[in-house]
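Let me begin by presenting the structure, written as structure tokens, before commenting on it.
This one's a predicted model, so the numbers in the text were calculated from it and none came from an experiment.
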Amino acid sequence: MAFQISDLFHRKPAMRVFAGQCQVHGEVDMSEIEQLDGSMLARGCKRCAWEALNTAPRDSEAFAQASALRKAERLTSALMGAGITSRFASSTFDSYCTGAAGPQVQALEVCREYAGRLPENYRAGRSLILTGNVGCGKTHLGSAIVRTAVGDGARALIMPAGDIVSIARASMVPGSGYTDRDVVVHLGGLDLLVIDEVGAQRGSEYELGLLHSIIDRRYQAVLPTVLISNLDTAGLRNFIGDRAIDRLRQGGGKAVGFTWSSMRASA
């Protein structure tokens, strides 16, 4: 299969094939496939699954179970391909802990509303900026937004800025088969892009230029971008510049400050 730039960004579940014994078909090839939490799920006999989907009555329990399994596998593959990692496998809006604190509740509601209005945000190219202290759940909420987008059938991705830079730099290796422009074009065309850990890089001219190119391409295409940073609002503006921030804020884009202490110690 020919190399595709998307292969660098959208991970596929690992799968292991092994010989097994089926009560119906005897010795057959069986497999297990990686789940979002990193575990492996046995899939059973492939011939039984095929028959349940293609020959069993549509109102049968066998068809219902096989259909549910296939739907779950497709969703898992899509979420994994969208950059949801094992650490954030269960990160949803409902699992975000706020307690009774007003700022946490407000941050949750802004992100939940943003995800709930994704079709409108796509049309407007409306972006979102999450900034502030470490351990406050910014990546959790970013993953929840991506999970919502994937559930709606959108092409979405959450990825640390450092990984994006590393992939772009690797294009300079002879024989890589792609250029850093290919990176910009691919990320610039996704329905939703969440760039995590912005500001954790050295801030070299190349790194900043790459981020600017991605943000600008998405701005020109009227596509929404979510930026996540442990810097405060002023620090992020100093890091990526007024032009990038202003483009992210255009069209009603919001910035949410996560100013409370880390919640990891109490999690």
Side-chain angles (χ1 to χ4, degrees), residues 9 11 35-39 75-76 78-118 121 126-152 154 156-164 187 190-201 211 215 224-240 244-245 248-249 252-267:
F9 297 95
R11 189 167 77 87
Q35 300 300 287
L36 201 56
D37 63 1
S39 64
L75 178 59
T76 295
L79 291 173
M80 197 173 292
I84 305 294
T85 64
S86 298
R87 171 67 64 181
F88 296 98
S90 59
S91 293
T92 65
F93 295 119
D94 289 339
S95 65
Y96 182 74
C97 297
T98 63
Q104 287 96 315
V105 173
Q106 181 182 13
L108 170 61
E109 289 310 309
V110 169
C111 292
R112 192 196 295 271
E113 180 186 20
Y114 183 84
R117 300 173 65 180
L118 278 174
N121 293 330
R126 186 174 298 118
S127 298
L128 181 66
I129 303 173
L130 309 181
T131 63
N133 295 339
V134 299
C136 292
K138 297 186 296 297
T139 304
H140 180 128
L141 291 174
S143 297
I145 292 172
V146 168
R147 182 184 289 271
T148 302
V150 170
D152 290 342
L157 176 69
I158 179 171
M159 177 171 280
D163 289 357
I164 294 174
L187 297 180
L190 297 174
D191 297 324
L192 176 69
L193 176 64
V194 180
I195 308 178
D196 198 4
E197 298 180 4
V198 177
Q201 305 72 47
L211 290 177
I215 292 171
T225 306
V226 177
L227 243 60
I228 301 175
S229 177
N230 289 333
L231 300 173
D232 59 20
T233 303
L236 181 62
R237 183 177 288 274
N238 288 335
F239 184 78
I240 65 173
I245 290 292
L248 291 167
R249 294 298 301 270
K254 294 183 178 180
V256 183
F258 290 64
T259 57
W260 52 94
S261 300
S262 172
M263 299 185 293
R264 287 178 183 151
S266 59

CG-CG distance between Leu231 and Asn133, expressed to the nearest 0.5 angstrom: 11.0 Å
Atom pair CG (Leu79) and CD1 (Ile158), whose distance is rounded to the nearest 0.5 Å: 11.5 Å
Side chain to side chain contact (heavy atoms under 4.5 Å, CB included) between Leu130 and Cys111, worked out: CA-CA 9 Å; Leu130 309 181; Cys111 292; 3.8 Å; yes
Pairwise side-chain contact, Pro224 with Leu128, heavy-atom cut-off 4.5 Å (strictly under): no
By side chain to side chain contact (heavy atoms under 4.5 Å, CB included) - contacts of Asp152 (at least two apart): Leu118, Thr148
Set of salt bridge (Lys or Arg N to Asp or Glu O under 4.0 Å) partners for Arg112, sequence neighbours left out: Asp94, Glu109
Tyr114 side, atom OH; Asn121 side, atom CG - distance, nearest 0.5 Å: 5.0 Å
Distance (rounded to the nearest 0.5 Å) between Phe239 CZ and Leu227 CG: 10.0 Å
Side chain to side chain, Val226 and Leu193, heavy atoms closer than 4.5 Å: no
Ring pair (Phe, Tyr, Trp, His ring centres under 6.0 Å) partners for Tyr96, two or more places apart: His140
Residues 80-89 side chain polar contacts: donor-acceptor under 3.5 Å, at least two apart:
residue : atom : partner : partner atom : Å
Ser86   : OG   : Leu36   : O            : 3.2

Listed partners of Asp163 passing side chain to side chain contact (heavy atoms under 4.5 Å, CB included), at least two apart: Met159, Pro160
Side-chain touch Ile129/Lys254, heavy atoms, less than 4.5 angstrom: no
Residues in salt bridge (Lys or Arg N to Asp or Glu O under 4.0 Å) contact with Arg11, at least two apart in sequence or another chain: Glu34
Check: Gln35 main-chain N/O paired with Thr76 side-chain donor or acceptor under 3.5 Å: no
Those residues that, when tested against Thr139, pass side-chain hydrogen bond (donor to acceptor under 3.5 Å, both in side chains) (two or more places apart): Asp196
Partner set under side-chain hydrogen bond (donor to acceptor under 3.5 Å, both in side chains) for Asp232, not counting sequence neighbours: none
Beyond-backbone contact of Phe93 with Leu108, side-chain heavy atoms, under 4.5 angstrom: yes
Any pair counted as salt bridge (charged side-chain N to carboxylate O under 4.0 Å, His left out), so long as it reaches residues 132-143, sequence neighbours left out: none
For Phe9, all residues meeting ring pair (Phe, Tyr, Trp, His ring centres under 6.0 Å), sequence neighbours excluded: His186
Close side-chain approach of Thr92 and Ser95, heavy atoms under 4.5 Å: yes
Side chains of Asn230 and Glu197 in contact at under 4.5 Å (non-hydrogen atoms): no
Contacts of Ser127 that satisfy side chain to side chain contact (heavy atoms under 4.5 Å, CB included) - sequence neighbours left out: Thr225, Leu248
Residues that Ala161 engages under side chain to side chain contact (heavy atoms under 4.5 Å, CB included), provided they are two or more places apart: Ile195, Val198, Gln201, Leu211
